[in-house]
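This report concerns only the one structure given below.
Chain naming here is simple, since letters A, B, ... match the order of the sequence lines and numbering starts at 1 in each. None of these values were measured; they are calculated from a predicted model.
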Amino acid sequence: MTVLTSALDTTSADYAANRDAMLAKLAELDTEQAKAVAGGGEKYVARHHQRGKLLARERVELLLDPGAPFLELSALAAWGSDFPVGASIVSGIGAVSGVECVITASDPTVRGGASNPWTLRKILRANEIALQNRLPLIGLVESGGADLPTQKEIFIPGGQMFRDLTRLSAAGIPTIALVFGNSTAGGAYIPGLSDYVVMVKERAKVFLAGPPLVKMATGEESDDESLGGAEMHARQSGLADYFALDERDAIRIGRQIVGRLNWRKLGPTPKPAPVPPRYGEDDLLGLVPADLRVPFDPREVIARVVDGSEFDEFKPLYGSSLVTGWADLHGYPIGILANARGVLFSEEAQKAAQFIQLANRADTPLLFLQNTTGYMVGTEYEQAGIIKHGALMINAVSNSTVPHLTVTMGASYGAGNYGMCGRAYGPRLLFTWPNAKSAVMGPAQLAGVLSIVARQSAEARGLAYDDDADTQMRQYVQSQIEAESLAPFLSGRLYDDGIIDPRDTRTVLGIALSAIHNAPVKGADGYGVFRL
Amino acid sequence: MIACVLVANRGEIARRVFRTCRGLGIATVAVYSDADASSPYVDEADVAVHLPGNTPAQTYLRGELLVEAARSAGADAVHPGYGFLSESGAFARAVLGAGLTWIGPSPDAVDAMGSKLEAKRLMAAAGVPVLDELQPDAITEADLPVLIKASAGGGGRGMRIVRSLADLSGEAEAARAEAASAFGDPTVFCEPYLVTGRHIEVQVMADPHGTVWAVDERECSIQRRHQKVIEETPSPLVERIDGMRDRLFDAARAAAKAIGYTGAGTVEFLADETGRFFFLEMNTRLQVEHPVTECTTGLDLVALQLHIAEGDRLAAEPPMSQGHSIEARLYAEDPATQWQPQSGTLHRFHVPDVGAEFTVPPGPSGIRLDSGVRDASVVGIHYDPMLAKVISWAPTRLHAARALSAALASSTIHGVTTNRDLLVNVLRHKAFLAGETDTAFFDRHGLIELATPADLDRAEPVSALAAALAIDAAARLDAPVLRGVPSGWRNVVSQPQRIDLDGPSGTHHIAYRFTRAGLVADGHDDVELIESTPRRVVLDQAGVRRAFAIARYAGAPGHVYVDSALGAIHFVAVERFPDPAEHVAPGSLLAPMPGSVVRVAAAVGDAVSAGQPIVWLEAMKMQHQINAPVDGLLAELPVREGQQVDVGTVLAVVSTLEESE
């Protein structure tokens with residue numbers, strides 16, 4: 001085992017400046033997350049409590065094992081949209097009766113828990129995480145259904161919510177619905193398609209059509225309880241498997257159900273008694289330059305994330321702009337690919353492709369630590385086959401079947417985002433540091449490219465080019481692209497699973513790895529044709 | 001020469017006798033009831049004989065079974081201990097009649113003193129001062145209060161104070177019933193009740209050759225329900241009054257000589273502050289509190305009993321006594337709820353820095369422990385709830401009191417409620433330290449106050465926090481997954497972790513969170529967490545660091561015992577999820593303790609009035625009346641006479657008239 005040594009100077013002015021910049025970003029993150037926690041605001045929270053109901057996060061907290069962690073996902077969903085931050089639902093991974101589960105809890109204080117397009121995306125992402133990682137899914141349901149003004153974004157794709165449930169069930173992954181309130185119309189299929197259903201007495205309301213619609217459709221007079229109350233479903237329709245006396249009772253029953261799943265994790269067990277890193281997590285705040293153009297050594301990050309700061313580097317002398325090597329994290333063996341100086345050259349791409357294949361041969365999960373400006377451009381590199389080599393890496397990443405985890409530590413630009421397992425490449429979980437940015441290219445470069453193309457077009461048509469307008473255009477484009485490449489914006493669109501405090505990286509990855517190991521870990525048998 | 005002794009008793013006194021026997025090379029035989037089968041004293045005896053059943057009447061009061069046990073186990077002598085048949089002349093005769101040695105006075109002497117009525121007359125004739133006897137029929141208002149005593153009684157049982165004439169016949173009835181159950185003899189008598197007084201007694205030891213020692217006096221004024229709680233020698237009163245000791249010793253020797261006494265005995269007197277005293281009774285056996293005399297004199301009183309039974313001669317004079325010794329009786333009882341006896345599993349019992357068990361500690365001072373229990377002992381409902389006697393010995397009374405209170409305060413006692421806090425508070429009370437002890441001590445100084453730990457207001461909240469942190473640490477270690485992640489870790493924080501604990505003064509809602517900067521606990525801003533493990537939590541509170549030892553037991557889920565320099569506090573964790581099945585009908589009368597139903601005085605459908613007794617429950621030989629809480633109808637009566645019930649069992653349900661209609 002090789003123990004990393006740190007060259008970080010925590011007394012330097014740069015370190016202090018970097019730390020201040022990161023703390024400012026974290027303060028912004030806290031502010032945004034607080035919006036999600038606040039739900040529908042004081043008035044609706046108070047009203048909800050007055051009705052004797054628990055808030056979404058209170059339900060989740062009670063459901064979890066005492067002392068167990070909860071990794072909340074997509075906390076900033078809908079950031080930058082017209083909908084409240086958090087998308088009126090809580091989702092995350094936590095332990096219930098000793099079993100790691102994906103938990104979703106609608107927040108009825110936000111517009112009655114109605115689903116908007118971002119809610120839908122957040123639910124579908126949670127379902128995907130449950131399916132890929134073989135995690136039981138527990139839904140804490142109380143939703144007024146779809147946000148009707150945006151139904152066009154919800155209705156047709158929203159069918160996947162129900163399809164996911166039964167596909168999870170078919171894959172042997174238990175689905176449990178605890179119904180605390182409304183779950184009507186389409187929402188009725190959530191309990192309808194779950195393996196286990198618990199309904200709360202005099203609170204749960206599960207029917208296809210409520211009394212007014214029934215009256216309109218058939219003329220029948222009816223009421224909520226006889227159409228879809230917990231008692232009716234428990235005694236007559238059989239849709240409710242468990243009749244809970246109150247919310248706490250429902251959560252108690254939910255925990256009891258999970259406790260009886262006879263759940264066994266199928267991945268290998270971690271090594272016992274992992275030792276913490278030798279360097280403090282706090283250093284991570286001052287490590288990343290506030291200016292993303294300044295590269296930093298990812299080994300400093302690895303030294304603060306992996307067990308005992310032990311890292312056995314693979315091919316250290318070749319393609320040194322990408323660091324590859326083996327380590328353990330919370331006792332789980334992992335292979336790490338980390339950008340060292342931003343740019344990926346042919347050597348780095350080839351090294352990555354080989355390393356990914358080795359990890360698949362050894363059934364070892366991979367961690368991608370992104371800080372990349374993309375693959376090198378220019379005639380020399382094009383002629384040397386940078387496309388072919390980049391394709392090798394993308395091929396390997398795409399067809400690798402060991403679990404991938406990605407952390408965007410800084411820049412994630414261009415095809416580097418693809419090669420380093422960006423969102424489209426299906427990492428099991430992807431987290432972003434608050435300072436990170438991602439786009440097809442840097443804002444200045446993008447604006448400059450537009451400017452050159454416009455100038456060439458004007459010149460080709462013999463027109464004079466308006467330099468003032470060009471400056472304005474460049475500024476506008478640059479600021480727009482800048483805003484759209486920031487972490488909260490991307491997280492709001494669910495292009496990651498959450499922005500995390502860099503100091504939490506080890507803990508987040510530890511939870512992620514443990515969750516992943518509910519499913520078998522198995523390397524790929526084949527890849528696409530490698531263009532050599 | 002005695003070769004093998006059967007102890008016709010149980011618990012700590014059996015262990016005490018065995019200890020001396022072992023030292024003398026005498027073999028030992030224990031007898032045990034069903035409930036005592038795994039008691040320490042049974043293991044310590046060379047052989048043990050089973051007495052089937054549990055109640056004393058089935059077991060330790062069955063003289064013929066005991067004699068048969070001695071015979072079958074090869075014992076040649078019987079030591080009766082105290083209580084049970086220790087003062088039964090008939091038993092002593094049976095033992096002698098079987099050709100065995102009786103370790104005690106002659107049966108005639110036992111009988112002479114066994115009837116308290118008869119004894120008073122004898123003593124008066126011998127010139128020993130006595131209180132007048134009152135005829136129940138002749139008692140008038142002017143005689144009140146009076147005391148009803150069981151003629152055959154002892155140890156406070158069968159005694160009743162009567163303050164109003166209306167209660168006289170009922171109390172006499174109850175005293176007779178209790179006396180019959182405890183001693184097999186229902187005779188009771190009345191005498192004036194001195195509301196305050198001092199209980200002073202003299203240890204005598206007499207050999208068959210005419211030597212009678214008055215060894216030392218003991219003061220046992222701190223009593224509850226006429227049962228001694230704290231005993232000491234020398235007596236602060238006797239020390240204060242010139243010549244009183246000589247007068248006492250003369251009276252005690254006269255008492256012993258009047259009946260030709262041999263062996264160990266105790267002459268009990270009631271004294272007032274001026275030094276006047278009256279004969280109460282003579283106990284013709286070893287006393288519970290004999291260890292204090294052993295500590296100050298260096299004698300082994302049990303050894304002397306054995307030697308005298310073998311016909312040996314005492315020296316002319318007893319040894320001089322030195323220093324001061326105090327004994328505290330640790331009872332499984334709750335002083336704050338009418339001394340209700342407690343039962344259950346004693347998960348842990350440990351007294352620190354014990355210098356000796358059942359013998360005098362070496363050196364000029366020390367702690368002695370005479371205990372009948374050990375870790376995991378089950379404290380049952382059939383016998384006296386005394387767990388152990390803790391005795392200190394030191395050059396002065398103040399030193400002895402300080403050492404004893406410290407030993408008790410730092411003892412680890414988990415599983416049953418005890419009178420420990422009361423004992424500690426009494427031993428540290430300025431009136432006690434000033435020697436102002438009399439039988440009304442608890443009434444004068446407030447029982448509830450004395451029973452409450454001194455520092456509870458300060459100790460309880462931080463102890464609850466420590467308990468919660470230990471529970472938290474245990475939950476992390478026991479977690480099947482994600483064990484390596486910090487407790488309660490959240491990337492999006494919305495609320496603290498919560499653990500609710502019921503403590504002595506109410507429910508503690510512990511809300512806490514671990515942050516990068518350390519522990520944040522609501523209401524504990526000045527507390528810093530130094531260390532937390534399932535068994536030990538170290539907290540720094542406003543610059544003072546304290547370790548809390550935390551104990552939980554598999555057999556008692558939810559129960560948490562916290563011991564620290566601030567005191568011992570017991571908490572019960574509140575279940576996160578109330579069990580929907582636990583639901584008691586309003587108006588239900590629940591058994592306040594385990595016991596047996598001895599009487600049922602109403603039938604389902606009867607109209608009952610508030611306060612009317614419905615069920616009598618006997619536990620620990622005390623009868624507890626269960627009364628109707630309101631006027632109404634007896635709706636349910638799920639128990640019958642003779643039935644054993646557990647604490648919390650529904651005994652009866654009374655519905656109010658409105659409910660019934």
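The stretch residues 528-562 of chain B places none of its residues near chain A, where near means some heavy atom under 4.5 Å from a heavy atom of that chain. Contacts between residues 482-498 of chain B and chain A, counted as heavy-atom pairs separated by less than 4.5 Å, involve B:Leu482, B:Gly484, B:Val485, B:Pro486, B:Ser487, B:Gly488, B:Trp489, B:Arg490, B:Asn491, B:Val492, B:Val493, B:Ser494, B:Gln495, B:Gln497. Annotation: residues 460-481 of chain B contacts chain A through B:Asp472, B:Ala475, B:Arg476, B:Pro480, B:Val481 [non-hydrogen atoms, separation under 4.5 Å].
Remark: side-chain polar atoms of B:Ser655 are not paired, donor with acceptor, to backbone N or O of B:Leu634 under 3.5 angstrom. Looking only at distances, a side-chain donor or acceptor of A:Asp246 sits under 3.5 Å from a matching main-chain atom of A:Asp249. Put simply, the side chain of B:Arg420 gets close to the backbone of B:Ser411: a donor and an acceptor are under 3.5 Å apart.
A:Thr432 and A:Asp496 share a side-chain donor-acceptor pair at under 3.5 Å. Judged purely by distance below 3.5 Å, without hydrogens or angles, the side chains of B:His414 and B:Asp563 pair a donor atom with an acceptor atom. When only modelled atom types and interatomic distance are considered, A:Glu58 and A:His49 share a side-chain donor-acceptor pair under 3.5 Å.
The shortest non-hydrogen separation linking B:Ile626 to B:Pro592 is CD1-CD, 3.7 Å. Shown here for A:Ala512 and A:Leu405, the closest heavy-atom pair between the two residues is CB-CD2, 3.8 Å. Contact detail for B:His508 and B:Gly503: the closest heavy-atom pair is CD2-N, 4.1 Å. Taking both residues in full, the closest heavy atoms of A:Leu135 and A:Val102 are given as CD1-CG2, 3.6 Å, listed atom of the first, atom of the second, then distance. The two residues B:Ala573 and B:Leu501 have their closest heavy-atom pair at CA-CD2, 3.6 Å.
Each of A:Pro66, A:Ala75, A:Ala36, A:Ala95 has some count of heavy-atom pairs under 4.5 Å with chain B, and the biggest count is that of A:Pro66. Of the listed residues A:Arg503, A:Arg248, A:Gln33, the one with more heavy-atom pairs under 4.5 angstrom with chain B than any other is A:Arg503. Heavy-atom pairs under 4.5 Å with chain B were tallied for A:Leu29, A:Val37, A:Asp30; the largest tally goes to A:Val37. Among A:Leu62, A:Asp501, A:Ile500, A:Asp282, the residue with the largest count of heavy-atom pairs under 4.5 Å with chain B is A:Leu62.
For chain B, the nearby part of A:Glu281 is the side chain; its heavy atoms alone come within less than 4.5 Å. For A:Ile251, the parts sitting under 4.5 Å from any heavy atom of chain B are the backbone and the side chain alike.
One finds a salt bridge joining B:Arg516 and A:Asp504 here, because a Lys/Arg side-chain nitrogen approaches an Asp/Glu carboxylate oxygen to under 4.0 Å.
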Indicate every side-chain donor-acceptor pair of residues 520-527 of chain B with a distance under 3.5 Å to a residue at least two apart or in another chain.
none

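Considering A:Lys265, A:Arg134, A:Arg264 in turn, A:Lys265 is the only one that fulfils the salt bridge (charged side-chain N to carboxylate O under 4.0 Å, His left out) rule with A:Glu100.
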Test side-chain hydrogen bond (donor to acceptor under 3.5 Å, both in side chains) applied to B:Asp334 and B:Thr337, step by step: CA-CA 6 Å; B:Asp334 184 0; B:Thr337 58; 3.2 Å; yes
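Interatomic distance, CG of A:Leu73 versus CZ of A:Phe70, reported as 7.0 Å (0.5 Å rounding).
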